2 protein chains.
Amino acid sequence: MAMSERRKKILRVVVENYIETAEPIGSKAIAEKAGLTCSSATIRNELAALEKLGLLEQPHTSAGRIPSPQGYRLYVNELMEQHKLSIQETERINTAMNSKMRELDRVIDQAGKLVSQMTNYPAFSLTAGGSQITISRYDLLMVNSNSFIAVVMTSNDRVKNKLIRLPSDITEPQLQLLNTLLNTSFTGKSLAELSPELMRVAEKAAGSSYGLISLVVSFAMDVLEDMNQSIVRTSGVGHLLEAPEYQDIGKAHKLMTYLSGEPEFSNMSLPMLQGQQDTRILIGPENVAEELKDTSVVLASYDIGEGMKGVIGVVGPTRMDYARVTAKLSYLADNLSKMFSAPQQPALPQQQRPALNPAPASEQSGDEDV
Amino acid sequence: MAMSERRKKILRVVVENYIETAEPIGSKAIAEKAGLTCSSATIRNELAALEKLGLLEQPHTSAGRIPSPQGYRLYVNELMEQHKLSIQETERINTAMNSKMRELDRVIDQAGKLVSQMTNYPAFSLTAGGSQITISRYDLLMVNSNSFIAVVMTSNDRVKNKLIRLPSDITEPQLQLLNTLLNTSFTGKSLAELSPELMRVAEKAAGSSYGLISLVVSFAMDVLEDMNQSIVRTSGVGHLLEAPEYQDIGKAHKLMTYLSGEPEFSNMSLPMLQGQQDTRILIGPENVAEELKDTSVVLASYDIGEGMKGVIGVVGPTRMDYARVTAKLSYLADNLSKMFSAPQQPALPQQQRPALNPAPASEQSGDEDV
DNA sequence: TTTAGCACTCATCCAAAAAGAGTGCTAAAC
DNA sequence: GTTTAGCACTCTTTTTGGATGAGTGCTAAA
């Protein structure tokens with residue numbers, strides 16, 4: 001009896017009305033919208049009950065009701081209907097993914113932008129979780145007597161390179177030797193295992209007084225560190241101003257500054273980075289950060305391979321359209337996962353660079369380079 | 001007589017007051033601030049004259065005066081004093097540049113962010129002008145029988161790579177052959193010169209039926225295209241809300257959306273990309289874009305080497321503090337130029353990765369990779 | 001349990017009045 | 001000829017107070 005069907009219906013009308021209009025709704029309007037047979041007075045009684053349960057709130061004595069965060073939570077958990085994406089929407093995502101999403105950096109960037117454009121909310125995008133990645137191979141390419149290119153490949157099949165210049169000369173055989181040494185002693189090691197001691201020992205053994213090994217290995221460490229480190233990127237903060245709840249400049253500004261800083265999105269993405277779930281909704285006060293206390297965050301994660309994960313998310317007013325946003329977000333995340341697992345890229349009519357021969361072959365694994 | 005010293009002084013007070021307070025100023029207040037010996041009535045006469053000259057404006061009959069765009073222009077051209085950066089400010093720029101600005105992509109990103117933080121205005125950052133860059137060298141590194149790494153080096157000493165997978169097997173000698181062919185026929189060519197015909201011919205000559213050449217060359221084309229293409233990045237749009245002129249949400253939102261889109265900053269950067277000047281101030285209506293008509297833009301360019309240029313810029317209300325902004329911008333731009341020309345990085349106490357041996361050597365030229 | 005009725009509370013809107021800032025002009029002073 | 005004091009006038013901003021109306025909570029009857 002705590003939650004009769006009627007109450008659920010009422011709650012739902014309140015939530016959906018508020019999502020749509022951002023205005024409180026009164027008993028009379030509810031009676032009409034809900035298609036219930038009872039009168040507004042009855043609804044008033046129910047409203048009072050729902051308020052007592054903590055699911056509704058009243059901005060002031062003589063206003064209608066709006067959902068409380070708990071109200072949203074119940075709505076999201078039990079009442080919300082799955083939103084189906086329209087064909088246009090899926091098309092849009094697909095085409096956007098086909099163009100220019102090749103490198104990891106760009107994926108983070110573009111995915112965020114795309115999400116923001118599609119939801120009309122600020123969006124963010126991040127990657128993380130590469131701490132157990134190792135270097136699987138080194139190649140040193142001689143350029144001239146005082147510079148060479150170091151190419152390293154990681155266990156998750158990414159390749160990065162760097163042009164290294166030396167103050168003194170080096171010969172091809174020396175470089176070869178160095179290359180072999182690197183491949184025998186410095187592969188299969190994670191960032192943590194590439195200790196300075198190891199380097200010193202190897203340096204000595206090689207009889208190299210140039211610190212050449214350190215130079216290359218330190219580059220390798222940079223690469224691993226970069227993969228490890230999560231890059232967060234925010235886009236579309238301007239969308240905030242569209243929502244009536246951010247007509248208050250002070251409020252809008254505060255949130256914007258927070259979003260443009262380096263917020264701890266990675267924290268809230270944790271359960272997803274650990275693979276415990278792949279979408280997550282944080283409603284208002286459920287957020288840890290003070291700045292997000294009356295804001296909701298919707299997150300979806302995707303797989304980059306080798307234990308690495310990416311997360312895309314949306315930030316908006318608590319009354320955001322959860323059904324629609326989650327639908328878009330998880331569709332996009334799914335597609336990103338597919339893109340990273342299948343080298344052939346998404347499942348769409350490809351448009352290769354027009355001038356190309358029908359390449360018999362393939363595409364790269366993910367991205368390249370530092 | 002059109003512009004007596006007194007008038008200049010008055011104009012200057014009006015501009016500087018407006019920059020500081022965003023409020024019109026009246027004759028009496030000017031008399032005090034300017035330290036002139038005359039009375040407010042005299043000033044009123046002068047004000048009327050300055051208004052007739054089009055240098056001042058009056059929001060409404062009984063308000064004080066504010067500068068017109070022409071007024072700003074005159075101020076910027078003749079009256080503005082060079083602003084000296086404080087030690088703290090230069091320090092801040094220096095330290096920010098030392099950390100994590102290694103790769104080009106990141107430079108664009110970080111420089112924009114830094115500018116925005118230092119000026120408290122939205123900032124943008126872009127690079128352009130690599131159309132005559134060529135590929136100077138190819139290396140193909142065998143990974144296994146159906147994949148290899150393609151490494152290309154460009155004429156401006158950047159190196160990019162890509163892991164290429166094949167549906168069918170390939171042998172080391174085949175790869176070698178391919179490598180040689182690429183280096184003999186496809187180096188020293190700009191993007192425009194890498195025509196599909198050339199590829200077809202080479203493909204035939206090589207007897208390769210795999211389209212392998214296309215695969216690698218098309219990657220090279222991507223690389224050149226990427227360098228050619230200007231990447232624009234905007235940061236700190238939220239700062240707009242701090243300015244009183246953007247307390248109007250509608251206005252703020254419009255400008256923000258414009259800035260977050262892909263605005264033609266590259267157009268206004270043109271004179272700078274062509275090396276005709278290295279800072280530029282566009283005041284209000286001097287801007288081409290409708291959205292920027294009552295906004296000012298300050299730009300500074302820096303050299304990336306090999307004809308490539310980068311531009312950083314700031315967008316703000318017409319009353320922005322030009323002296324301070326230009327000072328910061330050009331200091332940063334200078335430092336960026338230095339950083340790109342000298343491999344050793346800026347002129348500051350370096351902190352290398354702590355665990356490293358005192359590397360006898362150097363650092364990379366600029367950045368790496370795609 | 002539902003409903004009609006009614007007094008009551010607040011936010012919002014609007015108009016009118018009051019306050020204040022700054023001007024432009026005139027006539028006198030330097 | 002330039003500067004200045006004086007003053008009426010204009011226009012914005014702020015304040016005030018009443019009217020309006022939406023929506024409630026409660027009571028008493030169905």
Side-chain angles (χ1 to χ4, degrees), chain A residues 1-11 13-15 17-18 20-68 71 244-245 247-248, chain B residues 1-11 13-15 17-18 20-68 71 244-245 247-248:
Chain A
M1 53 129 289
M3 273 313 268
S4 66
E5 273 313 304
R6 188 167 68 190
R7 286 193 185 168
K8 283 190 187 172
K9 203 160 195 172
I10 293 176
L11 176 58
V13 171
V14 175
V15 172
N17 169 79
Y18 195 61
E20 199 184 332
T21 68
E23 301 281 334
I25 188 171
S27 48
K28 204 171 154 194
I30 297 179
E32 282 166 27
K33 272 214 182 177
L36 290 172
T37 54
C38 58
S39 80
S40 66
T42 314
I43 305 230
R44 275 204 288 284
N45 290 333
E46 295 286 46
L47 287 177
L50 284 167
E51 190 169 346
K52 200 156 287 170
L53 288 173
L55 300 173
L56 295 183
E57 287 175 355
Q58 221 174 351
H60 58 265
T61 332
S62 81
R65 300 303 207 292
I66 61 172
S68 72
E245 27 274 280
Q247 293 309 80
D248 174 14
Chain B
M1 52 130 284
M3 272 314 268
S4 66
E5 272 315 302
R6 188 166 69 191
R7 285 194 186 167
K8 283 189 186 170
K9 202 158 194 172
I10 292 176
L11 176 58
V13 171
V14 175
V15 172
N17 169 78
Y18 194 62
E20 199 184 332
T21 66
E23 299 282 332
I25 188 172
S27 48
K28 204 171 152 192
I30 296 178
E32 283 167 26
K33 273 212 181 178
L36 290 171
T37 54
C38 58
S39 79
S40 66
T42 315
I43 305 233
R44 276 204 287 286
N45 289 334
E46 296 286 46
L47 286 176
L50 284 167
E51 189 169 348
K52 200 157 286 171
L53 288 172
L55 299 173
L56 295 183
E57 287 175 355
Q58 220 174 353
H60 60 264
T61 332
S62 83
R65 300 302 208 292
I66 60 171
S68 72
E245 27 273 281
Q247 293 309 78
D248 174 15

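Convention: sequence-line order gives letters A, B, ...; per-chain numbering from 1. On a predicted model such as this, the values are computed, not experimentally measured, just so you know.
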May I have the distance from A/Asn45 (atom CG) to D/dT24 (atom P), rounded to whole angstrom?
11 Å

Quick one: on DNA chain C, does A/Arg6 or B/Pro24 contact a more 5' nucleotide (nearest heavy atom)?
A/Arg6

Separation of atom NE2 in B/His60 from atom P in C/dT23, rounded to whole Å:
10 Å

Rounded off to whole Å, could you give me the NZ-to-P distance for the B/Lys28 and D/dA5 pair?
12 Å

Please report the distance, rounded to the nearest Å, between CD in B/Glu23 and C1' in D/dT13.
12 Å

Round to a whole Å and report the spacing from CD1 of A/Ile43 to P of D/dT24.
10 Å

Send over the distance from A/Leu47 CG to C/dT3 P, rounded to a whole Å.
14 Å

Using the rule given for side chain to side chain contact (heavy atoms under 4.5 Å, CB included), can you reason through A/Leu55 versus A/Val14, listing the C-alpha separation, both sets of side-chain angles and the distance that settles it, and then say yes or no?
CA-CA 10 Å; A/Leu55 300 173; A/Val14 175; over 6 Å; no

A/Ser62 side-chain N/O to D/dA22 phosphate OP1/OP2 under 4.0 Å
no

B/Ala41 has its side chain closest, among C/dT23, D/dT24, D/dT4, to D/dT4

Who is the Watson-Crick or G-U wobble partner of D/dA28, with both distances under 3.5 Å?
C/dT3

May I ask you to evaluate whether B/Arg44 reaches the phosphate of C/dA21, defined as a side-chain N or O under 4.0 Å from OP1 or OP2?
no

Below 4.0 angstrom from OP1 or OP2 of C/dT23, is there any side-chain N or O of B/Arg65?
yes

Does the A/Glu57 side chain pair with the main chain of A/Glu51, one donor and one acceptor, at a distance under 3.5 Å?
no

Should D/dT13 form a Watson-Crick or G-U wobble pair with both distances under 3.5 Å, which nucleotide is its partner?
C/dA18

